[in-house]
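Proteins come first, then strands; the chains are lettered A, B, ... in the order of their sequence lines, and each starts at number 1. Small disclaimer: the values here were computed from a predicted structure and weren't measured.
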Amino acid sequence: MSLDAELLLDWFADTARDLPWRRPECTAWGVLVSEIMLQQTPVARVEPIWHEWLARWPTPSAMAKASQGDVVRAWGKLGYPRRALRLHAAAQAIAEQHDDVVPQDVNTLLALPGIGAYTARAVAAFAYGQKCPVVDTNVRRVVARAVHGAGDAGPPSTTKDLKDVEALLPENDKAAAVYSAALMELGALVCTARAPKCADCPVFDACAWQLNGRPAYDGPAKAVQKFAGTDRQVRGLLLDVLRGTVEPVAKARLDVVWSDAGQRDRCLHSLLTDGLVEQTREGLFALPGEH
DNA sequence: AAAACGTGGTC
DNA sequence: TGACCAAGTTT
């Protein structure tokens, strides 16, 4: 079972969103920044911040010169702010060890902080037009349905997932890279998690899920992430105070965001450990590297 | 290998 | 309204 590349490529050419990191003039650095920002964060929230970042830090070396605090503040409310710190560290590594050029090699990319199996291949494919399987949550869902005839993807298995997608890719490097983007776009726009728009699907006729009678997902239940009341929420509240000020603040300013002192202090400590917050000699708190 | 890690929109 | 979901990585 394989999906007709031409159908998907034609659909992509007609339907794909005009995203700034897909423009021909976008640099590899721009692609890398987009991929990090898009980890678990929707396109609509990434786009404006991406524009700000590329205008402010058009190259890895430009970002390498910024302070960690500047980067964390500019990250705003994209979420998972450790990504900002890791991207800053990656920028420094690229500037210092790779002549300010984003690496093309998957294994070299994998060695950079914050770059994992997905992002390394996304950069190789989308920034450099290489043929290599790019597997994200969209692609896993599309493959689970269209190829395996399941209702949804089961638990991830990097090795098997890469192999599944590798088998689908067209021979030609450039075509394979566009095909990878098309697979993701199909999952994002048509083959969605809830209420897939099968009537609009370019590979409807070849879809194993359709041919299989659209069975429901039968894999293990997916764990739902709680947020309210968790350390994640409290860390977010604490960091939000610091994002809003340039001057270091007294602990009392942080204490007001959460009533449970034990949880509050544990979270502040974890932020310090993560390097997202620093304490000044005077005992005040601030974003890192700005004082 | 499961769990931690932000934030906001949607149905 | 609250569960589910969003271009994952790290430990």
Side-chain angles (χ1 to χ4, degrees), chain A residues 16-17 19-22 26 30-50 72 75-87 89-90 109-127 133-143 152-159 161-162 165 177 180-189 191-196 217 220-243 257-258 263 266-267 269-271 273-277:
Chain A
R17 293 165 292 180
L19 301 172
W21 43 86
R22 284 181 181 160
C26 182
V31 171
L32 173 56
V33 172
S34 79
E35 293 302 342
I36 301 290
M37 289 184 169
L38 287 163
Q39 291 168 3
Q40 302 284 280
T41 304
V43 168
R45 284 168 49 205
V46 164
E47 238 188 294
I49 307 292
W50 182 89
V72 170
W75 190 257
K77 309 198 80 168
L78 285 183
Y80 295 140
R82 291 188 293 190
R83 288 182 293 166
L85 242 31
R86 293 186 181 129
L87 180 52
L109 286 160
L110 282 170
L112 264 13
I115 298 187
Y118 163 75
T119 304
R121 290 175 178 81
V123 169
F126 305 147
V134 179
V135 181
D136 75 332
T137 186
N138 290 306
V139 172
R140 284 174 20 77
R141 185 172 57 249
V142 169
V143 169
D152 200 354
S157 160
T158 303
T159 309
D161 294 341
L162 288 175
V165 175
S180 294
L183 227 36
M184 288 176 61
E185 193 77 342
L186 187 67
L189 299 183
C191 196
T192 50
R194 289 177 297 198
Y217 173 68
K222 316 196 176 203
V224 294
Q225 282 218 76
K226 281 277 160 280
F227 178 66
T230 63
D231 286 4
R232 267 191 353 279
Q233 181 183 18
V234 178
R235 284 165 54 104
L237 292 169
L238 292 170
L239 207 56
D240 202 35
V241 172
L242 268 19
R243 262 188 236 117
V257 305
W258 196 252
Q263 185 177 20
R266 177 175 73 238
C267 289
H269 181 78
S270 75
L271 287 168
T273 299
D274 288 349
L276 283 163
V277 174

Next on the checklist: Here's a test of your reading of the structure: between A:Arg17 and A:Leu110, which maps to the more 5' nucleotide of DNA chain C?
Outcome noted: A:Arg17

Checklist entry - Does the A:Arg45 side chain pair with the main chain of A:Lys77, one donor and one acceptor, at a distance under 3.5 Å? => result yes

Checklist entry - Got a donor-acceptor contact below 3.5 angstrom from the A:Arg83 side chain to the A:Met37 backbone? => result yes

May I ask you to say what [X] touches in the nucleic acid, namely base, sugar-phosphate or nothing, with a heavy-atom cut-off under 4.0 Å?
{"X": "A:Trp75", "value": "nothing"}
{"X": "A:Leu19", "value": "base"}
{"X": "A:Ala193", "value": "sugar-phosphate"}

Item to check | Residues A:Glu185 and A:Arg22 bridged, charged N to O under 4.0 Å | outcome: yes

Checklist entry - Between atom CZ of A:Arg235 and atom CG of A:Asp240, what is the distance when rounded to the nearest 0.5 Å? => result 14.0 Å

Checklist entry - For the atom pair SG (A:Cys267) and CD (A:Gln263), what is the distance rounded to the nearest 0.5 Å? => result 5.0 Å

Checklist entry - In whole Å, what separates the P atom of C:dA7 from that of B:dA2? => result 23 Å

Tabulate protein N/O versus nucleotide N/O from nucleotides 1-3 of chain B, keeping only pairs under 3.5 Å, one per line.
none

Item to check | Residues within residues 112-121 of chain A bordering DNA chain B, heavy-atom distance below 4.0 Å | outcome: none

Item to check | Contact interval (first through last nucleotide) of DNA chain C with protein chain A, 4.0 Å heavy-atom | outcome: C:dA3 to C:dT10

Checklist outcome for this item: Here DNA chain C, pairs taken as Watson-Crick or G-U under 3.5 Å and shown with ( ), [ ] when crossing and | when to another strand, reads ..||||.||||

Next on the checklist: At under 4.0 Å between heavy atoms, how does the protein contact nucleotides 4-11 of chain B? Give one character per nucleotide, 5' to 3', with B, S or -.
Outcome noted: -BBBSB--

Using distance only, find each side-chain donor-acceptor pair of residues 115-126 of chain A under 3.5 Å and give its atom names and separation, not counting sequence neighbours.
from: A:Tyr118; atom 1: OH; to: A:Glu35; atom 2: OE1; distance (Å): 2.6
from: A:Thr119; atom 1: OG1; to: A:Gln39; atom 2: NE2; distance (Å): 2.9
from: A:Arg121; atom 1: NH1; to: A:Ala117; atom 2: O; distance (Å): 3.0

